[in-house]
Trainee: 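Take this structure, written in structure tokens, and hold onto it; I'll ask about it next.
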Amino acid sequence: MLKAKIAVLVSGGGTNLQALIDAQNKGILKSGEIVLVISNKQDAFALERAKKHEIPYEIVEKKKYGDQFEQKLISVLEQKQIDLIVLAGFMSILSETFTKRFANRIVNVHPSLIPSFCGKGYYGLKVHEAALSYGVKVTGATVHFVNEIPDGGEIIMQKAVSVCKKDTPKTLQARVMRQAEWKILPAAVEKVSNEIIKEKEHERV
Ligand code: GAR
């Protein structure tokens, strides 16, 4: 069966990568296959997850490639003929040239209900700190297409999560991951992969 070739881009712990791997193993993610993991951090724990599941990986660090960072990413992605790029805790903003090169082929998971607490400077725990200091009673996660505006691309899926009185940024982050991110990211990746396959089949006819 034809499957979309997926590359997952990571920078840290990789729990969202793990959710995608688990979804693939359970058959929830069936229209796409994770064929590559790329990390922009040599010491990202996400790489251990890739190794454990025998997924090929590459380390592409900005400090090594400088101005050529995105060019290197593009050449690695093209070499593997990647159909879909998933940003799963990838902490580097991609340029307009890059996002246009892969229009509607990059998705990102963000730990809030966009358009709240998103854009430049809102990443990881900072998002949950901002939600708590604002005092929202509901937050959540969003999966969206990536364009030249940070967290500004078309929304694919969202899920709301309650904020509890005693929450710290860490407890809130853990609940948002468990109740929202690890569910909607695999579901959205399956949806987009399925659409890519349908397009490819259509092109073949
Ligand atoms: C996740 O909460 C993800 O939504 C967030 O970083 C964390 C990565 O965790 N991403 C952003 O804030 C992007 N703006 P993980 O490495 O365990 O998947």
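Every value quoted in this text rests on a predicted model; they were computed, and no experiment measured them. One-based numbering, in listed order, for ligands and for the atoms of each. The first residue of the sequence shown is numbered 1, and numbering continues consecutively from there.
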Trainee: Looking at Y122, which atoms of ligand 1 are within less than 4.0 Å of one of its heavy atoms?
Mentor: 14 (N)
Trainee: If you measure every N/O of D151 against every N/O of ligand 1, is any gap under 3.5 Å?
Mentor: no
Trainee: Within the structure, is a non-hydrogen atom of V10 found at a distance of less than 4.0 Å from ligand 1?
Mentor: no
Trainee: Quick test: of every protein heavy atom, which one is nearest to atom 6 (O) of ligand 1, and how far off is it to 0.1 Å?
Mentor: M91 CE, 3.2 Å
Trainee: Show the atoms of ligand 1 that are less than 4.0 angstrom away from any heavy atom in H110.
Mentor: 14 (N)
Trainee: Would you say K120's side chain and P150's backbone share a donor-acceptor pair under 3.5 angstrom?
Mentor: no
Trainee: Which residue from G14, S11, G89, G124 reaches closest to atom 16 (O) of ligand 1 through any of its heavy atoms?
Mentor: G14
Trainee: Take E70 and S95 through the test side-chain hydrogen bond (donor to acceptor under 3.5 Å, both in side chains) and record every step on the way to the result.
Mentor: CA-CA 8 Å; E70 287 192 352; S95 74; 2.5 Å; yes
Trainee: Should T15 be counted as touching ligand 1, given the test is an N or O pair under 3.5 Å?
Mentor: yes
Trainee: Give the intermediate values and the outcome of salt bridge (Lys or Arg N to Asp or Glu O under 4.0 Å) for residues E48 and K51.
Mentor: CA-CA 5 Å; E48 301 306 315; K51 283 180 208 166; 3.3 Å; yes
Trainee: Where is the tightest heavy-atom contact between F90 and V10, given as atom of each residue plus distance?
Mentor: CD1-O, 3.5 Å
Trainee: Rounded to the nearest 0.5 Å, what's the gap from OG1 on T15 to CD on Q18? Could you check?
Mentor: 8.5 Å
Trainee: Among all protein non-hydrogen atoms, which one is nearest to atom 3 (C) of ligand 1, and what is the separation to 0.1 Å?
Mentor: E181 OE1, 3.3 Å
Trainee: So which protein heavy atom does atom 11 (C) of ligand 1 come closest to, and at what separation?
Mentor: P111 CD, 3.7 Å
Trainee: Could you tell me which non-hydrogen atom of Q158 sits nearest to which non-hydrogen atom of T142, and how far apart they are?
Mentor: NE2-OG1, 2.9 Å
Trainee: Using a 4.0 Å cutoff against the non-hydrogen atoms of M177, which atoms of ligand 1 qualify?
Mentor: 1 (C), 2 (O), 9 (O), 17 (O)
Trainee: In terms of ring plane angle, is the pair F117 and Y134 parallel, tilted or perpendicular, where the classes change at 30° and 60°?
Mentor: perpendicular
